[in-house]
Structures are given as C-alpha cells and as structure tokens.
Amino acid sequence: MSSPRTFDIIIIGSGMAGLAAAGVARSAGRSVCVLDKGRRIGGRVSTRRADGFTFNHGAQFLTARQPDFITACESAQAAGALRPWHVAGRDAFCGAPTMRNFPVFLGDGLTIRQQVEITGITRDNGLITLHDADGPVARTPQVLVTAPAPQAARLLDPVAPDLAATARSAAYAPCWTGMYGFAAEDLPGMAAPVSTKSGPVGWACREDLRPDAAASEAGMGLVVQAASDWSETELEQDAASVASVLLEAWQEMVGATPPAPRYMAAHRWRYARVIRPVAEDAPRQTADGMIGIAGDWTAGARVEDAFMSGHHAMKSLLATATPA
Ligand SMILES: Cc1cc2nc3c(=O)[nH]c(=O)nc-3n(C[C@H](O)[C@H](O)[C@H](O)COP(=O)(O)OP(=O)(O)OC[C@H]3O[C@@H](n4cnc5c(N)ncnc54)[C@H](O)[C@@H]3O)c2cc1C
C-alpha cells in the first residue's frame, strides 16, 4: 500500500481466524481490510505447487462440529470448495480440489492484501496505525491480531502488554513436512492415509487419495508429516536432510523403495499445532475495544477452533465500538 488508508477494522492474518473475523465484520457492514505477510491466503491451510506437483502440506483435513462453522462449511461445499473426506470421522472435510480452496472461498469479495508484513502497531488519538518496514500502511479504530502467538506477542508488546502476556502463555508443537513428487507409476498404492503417533512419520498421504484431486502430468505428490516429538528434536536440522530422513522412514514403514523422487523438499512449520491454548479467562481484547486477538492459540488446535476464535473475537470487538 502506498499511502495509509483508513478502515473501520483491520485484521492481521488471512488464516482461518482472520477470514472468519473478516466475514463477520463485513456482514455487520464495516469496512474491513485483511493484511498478511504470506504470498497466499490461508495461513496454515496451505497448498504448495512445485515442478508441476501439488502438495497439501499444512492442515490435512478439517472437522466441523459447531453450528457457525458447519454453516460456513456447507456454503463452501455447495460452491465446490470443500468435500467430505471421512479420514477422521463423518464430520471431516478437505478443500477441493486443494486445501487452499477453502480459504480462497472464505476470502471471496473481501479486501485482502498479501505480502504486507506488519512490523509495528502504534496508537494515537483514538486511532491505530499499522506499520511495515517502509512506514505506515493503514489506520483503523480497531485491529484484530491473528498472527501465531509468538509473532502476535511481539506486535502487541508496545501497545497491549496484557494481550502480549496472554499470547506468551500459549504453546505449539512444530511439524516437519516432507513433499515428494514421483512418476505416478513409481509410487506404491495407498488405500488410506497413514496416521501414527510415534515418529518420525506421523502422517503420510498420496495426493490422489483426496476427493477431487486434479491429475497432474508431472506425476503424483506424496506428503509425509513428521510426528510432533520428532519434529521438536530435529527442529534446527537443515531441510534437505530432513526430507531424506522422512522419505527413508516412510519407505521403511510401507516396505517399498520406489525410484528417487523427481521433486523433494521439506517445510518446517515452527508453530504447527497448538498444544496449550491460552486460559479461558485470559484477556482477549483491550478494555477500550481497540485491539483484539484471535487464532487457534486462543481456542484449540484445529482449523475449526481458529475459525471460531475469529468469529467470536470479531463479534466481541463489534460490540464495544461504533463505526469510524
Ligand atoms: C502441518 C500442519 C498440519 C495440521 N493439520 C491439521 C488438521 O489435519 N486438522 C486441523 O483441523 N488442523 C490442522 N492443523 C492446524 C490448523 O492448520 C491451524 O489450527 C489453523 O489453520 C490456524 O489458523 P490461524 O488463522 O489461527 O493461523 P494461521 O493459519 O497461522 O494464520 C495466521 C496468518 O498470520 C500471518 N501473519 C503472521 N505474522 C504477520 C505479520 N506480522 N504481518 C502480517 N501477517 C502476519 C501469517 O502469514 C498467517 O497467514 C495443522 C497445522 C499444520 C501446520
């Protein structure tokens, strides 16, 4: 953004929490803008395309149990952006044709600016200014911060120390994710995703197991996610060696040694799954209602928790302020 614009509400983060919150603000008739440092919408509900392969390398599926989230999922399903995928029970879904299609659906029609990293928040005369490395980006009477807890804490320190302290009480487990592209005929068949509790492999899935998975001329993608404890131990390893180790572990697990993959990479999710959300009675917005927080770390470990946290946080912010 070249010159700072003013919105009724600005949301930092275009993950599930930010998108749910933006939807609530829009429905209430507020002007809302979502800012995100990533290249693409969705945060950890993420899909990577590389060398013609597709890898759903973040959240693998989602479950819908709460009425407002079920409603959002039904709309996405009607639009073809979500499909039932009973890998984890009757209430499990995956994005269609990729996981990212779900956040893309939720973000439709919203004002969202990707590749804007907020580095500072200041407040002056009843207005909040958000800054990136080049200076002021946008102004607003109300901001909702949905970045993962450690990043949120750094942003909140100068302007909302109580909320920063809330953020510091949350904890995450990391997740190393290996992505492998094979010639389709080289990859052993798989009846269902592999899911185990002990590492190194915690989950493995051929991309064509997903409903609506699009065929690719390049071949077939395989995603191997490491178990949390293994990811923690190997957190500072280099990505190339993690990719090799996870591939070997998966081969041993399935008892097959296919030819070397055509594509191989590993992604480190430093803040993957929440293992300790903040306390239920911890503050979630400033007393004046100018700054709020949301994100899975305020609610639980799942996509649905993140969505519902944004939904509730925005309702609460709207209840404490009038439009600018
Ligand atoms: C490997 C993995 C597997 C998972 N598997 C599942 C699963 O199977 N089922 C399930 O329900 N959940 C799963 N999860 C958890 C689920 O993905 C998350 O709980 C949920 O997506 C979190 O949403 P969020 O909006 O809270 O955060 P995020 O998705 O992390 O969104 C936060 C956004 O804030 C942005 N941001 C951060 N700092 C700044 C800044 N300074 N300026 C601008 N933008 C910023 C980030 O770019 C990001 O897009 C998994 C997660 C991972 C990583």
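The first residue in the sequence is number 1, and the count goes up from there. Each ligand, and each atom within it, is numbered from 1 in the order the structure gives.
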S.K.: Test T47 against N56 for side-chain hydrogen bond (donor to acceptor under 3.5 Å, both in side chains), laying out the working first.
M.R.: CA-CA 4 Å; T47 305; N56 291 288; 2.8 Å; yes
S.K.: Short list, please: which atoms of ligand 1 are under 4.0 Å from a heavy atom of V116?
M.R.: 42 (N), 43 (C)
S.K.: What part of R302, side chain, backbone, both or neither, has a heavy atom within less than 4.0 angstrom of ligand 1?
M.R.: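 Near ligand 1, R302 shows its backbone as well as its side chain.
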S.K.: What atoms of ligand 1 come within less than 4.0 Å of a heavy atom belonging to V45?
M.R.: 21 (O)
S.K.: Hey, does W297 have a side-chain heavy atom less than 4.5 Å from the side chain of V278?
M.R.: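 Contact flag for V278/W297 side chains = yes.
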S.K.: Just which atoms of ligand 1 are under 4.0 Å from any heavy atom in E117?
M.R.: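 Those of ligand 1 that fall under 4.0 Å from E117 are 41 (N), 42 (N).
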S.K.: Where is the nearest protein heavy atom to atom 50 (C) of ligand 1: which residue, which atom, and how far?
M.R.: A59 CA, 3.7 Å
S.K.: Side chain or backbone, does V303 bring an N or O within less than 3.5 Å of an N or O on ligand 1?
M.R.: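 Right, the criterion is met.
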S.K.: Quick one: which ligand 1 atoms are inside 4.0 Å of a heavy atom on G295?
M.R.: 26 (O)
S.K.: Report yes or no: does L19 have a heavy atom closer than 4.0 Å to ligand 1?
M.R.: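 No, that is not the case, since the closest heavy atom of the residue is not under 4.0 Å from the ligand.
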S.K.: Could you state whether F182 and V245 fall into the same hydrophobic cluster, counting links through intermediate Ile, Leu, Val, Met, Phe, Trp or Tyr residues with side-chain heavy atoms under 4.5 angstrom apart?
M.R.: yes
S.K.: Establish whether F53 and M264 are linked, either directly or via other cluster members, by ILVMFWY side-chain heavy-atom contacts under 4.5 Å.
M.R.: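 No, F53 and M264 fall in different hydrophobic clusters.
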S.K.: Compute whether any side-chain donor of one residue and acceptor of the other, for T71 and D68, lie under 3.5 angstrom apart.
M.R.: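 No, no side-chain donor-acceptor pair sits under 3.5 Å.
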S.K.: Students should be able to answer this: which protein heavy-atom is nearest to atom 37 (C) of ligand 1, and at what distance?
M.R.: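 For this ligand atom, the closest protein heavy atom is Q151 OE1, 3.1 Å.
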S.K.: Would you tell me whether Q60 and R210 have side-chain atoms, one donor and one acceptor, within less than 3.5 Å of each other?
M.R.: yes
S.K.: Is ligand 1 under 4.0 Å from a heavy atom in the side chain of T119, in the backbone, in both, or in neither?
M.R.: neither
S.K.: Which ligand 1 atoms are under 4.0 Å away from a heavy-atom of P148?
M.R.: 30 (O), 32 (C), 37 (C)
S.K.: Kindly indicate, with the supporting measurements, whether the criterion side-chain hydrogen bond (donor to acceptor under 3.5 Å, both in side chains) is fulfilled by R284 and T166.
M.R.: CA-CA 8 Å; R284 282 166 166 74; T166 298; over 6 Å; no
S.K.: Purely on distance, is any nitrogen or oxygen of W269 under 3.5 Å from one on ligand 1?
M.R.: no
S.K.: Which ligand 1 atoms does G13 reach within 4.0 Å, using its non-hydrogen atoms?
M.R.: 33 (C), 34 (O), 35 (C)
S.K.: Identify, for atom 15 (C) of ligand 1, the protein heavy atom at the shortest distance, and state residue, atom and that distance.
M.R.: A301 O, 3.6 Å
S.K.: Taking all heavy atoms of Y180 and all of L246, pick out the closest pair and write down the distance.
M.R.: OH-CB, 3.3 Å
S.K.: What protein heavy atom is closest to atom 39 (C) of ligand 1, reported as residue, atom name and distance in Å?
M.R.: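 Here the closest protein heavy atom is K37 CD, 3.8 Å.
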S.K.: Mind checking whether S14 has an N or O less than 3.5 Å away from an N or O of ligand 1?
M.R.: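 No, there is no polar N/O contact under 3.5 Å.
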S.K.: Please compare I12, L130, V137, D36 and report which has the shortest non-hydrogen distance to atom 47 (O) of ligand 1.
M.R.: D36
S.K.: Atom CD of residue position E185 - does it have more than 12 heavy atoms of other residues, nucleotides or ligands inside 6.0 Å?
M.R.: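 Above 12, so yes.
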S.K.: Nearest to atom 51 (C) of ligand 1 by heavy atom, S195, P174, A272: which?
M.R.: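 The option holding the nearest heavy atom is A272.
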S.K.: Should the proximity of Q225 to ligand 1, defined as any heavy atom under 4.0 Å, be assigned to the side chain, the backbone, both, or neither?
M.R.: side chain
S.K.: Please determine whether a side-chain nitrogen of the Lys or Arg among D296 and R44 lies less than 4.0 Å from a carboxylate oxygen of the Asp or Glu.
M.R.: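 Salt bridge flag = yes for R44 with D296.
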S.K.: Any non-hydrogen atom of S309 lying under 4.0 Å from ligand 1?
M.R.: no
S.K.: How far is atom 19 (O) of ligand 1 from the closest protein heavy atom, and which atom is that?
M.R.: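 It is D296 OD2, 2.7 Å.
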S.K.: To the nearest 0.1 Å, how far is atom 9 (N) of ligand 1 from its closest protein heavy atom, and which atom is that?
M.R.: F61 O, 2.7 Å
S.K.: Just say parallel, tilted or perpendicular for the rings of H267 and W269, cut-offs at 30° and 60°.
M.R.: perpendicular
S.K.: What residues, two or more places apart in sequence or in another chain, satisfy side chain to side chain donor-acceptor pair (under 3.5 Å) together with T196?
M.R.: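 If we apply the side chain to side chain donor-acceptor pair (under 3.5 Å) test to T196, skipping adjacent residues, there are no hits.
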S.K.: With nothing but distance in play, are any N or O atoms of I118 less than 3.5 Å from an N or O of ligand 1?
M.R.: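 So ligand 1 has an N or O lying under 3.5 Å from an N or O of I118.
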S.K.: Heavy-atom contacts with R273 under 4.0 Å: which atoms of ligand 1 show up? List them by number with element.
M.R.: 3 (C), 4 (C), 5 (N), 50 (C)
S.K.: So is M16 polar-close to ligand 1, meaning N/O to N/O under 3.5 Å?
M.R.: yes
S.K.: Quick one: CZ on R273 to CZ on R302, what's the gap to the nearest 0.5 Å?
M.R.: 12.0 Å
S.K.: Can you pull out the closest protein heavy atom to atom 29 (O) of ligand 1? Residue, atom name and distance to 0.1 Å, please.
M.R.: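 In this structure, atom 29 (O) of ligand 1 has R44 N, 2.8 Å as its nearest protein heavy atom.
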S.K.: Only heavy atoms count here, so choose which of A149, A306, A20 is nearest to atom 23 (O) of ligand 1.
M.R.: A306
S.K.: Using a distance-only test with no angle check, is there a side-chain donor-acceptor pair under 3.5 angstrom linking S14 and Q114?
M.R.: yes
S.K.: When you look at E236 and R270, which way does the salt bridge (Lys or Arg N to Asp or Glu O under 4.0 Å) test go after all the steps?
M.R.: CA-CA 10 Å; E236 302 308 332; R270 201 174 274 281; 3.1 Å; yes
S.K.: Taking the six-membered ring for Trp, are F61 and W203 parallel (under 30°), tilted (30 to 60°) or perpendicular (over 60°)?
M.R.: tilted
S.K.: Would you say ligand 1 has an N or O under 3.5 Å from any N or O of A17?
M.R.: yes
S.K.: Tell me whether V87 is reachable from L62 by hopping between hydrophobic residues (I, L, V, M, F, W, Y) whose side-chain heavy atoms are closer than 4.5 Å.
M.R.: no
S.K.: Would you mind running through ligand 1 and noting each atom that sits below 4.0 Å from a heavy atom of T146?
M.R.: 32 (C)
S.K.: Determine, considering heavy atoms only, which of Q115, R40, Q60, R270 sits nearest to atom 8 (O) of ligand 1.
M.R.: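 Nearest heavy atom to atom 8 (O) of ligand 1 lies in Q60.
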S.K.: To which protein heavy atom is atom 31 (O) of ligand 1 closest, and what is the distance rounded to 0.1 Å?
M.R.: G15 CA, 3.5 Å
S.K.: Is any side-chain heavy atom of M220 less than 4.5 Å from a side-chain heavy atom of L187?
M.R.: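 Yes, side chains in contact.
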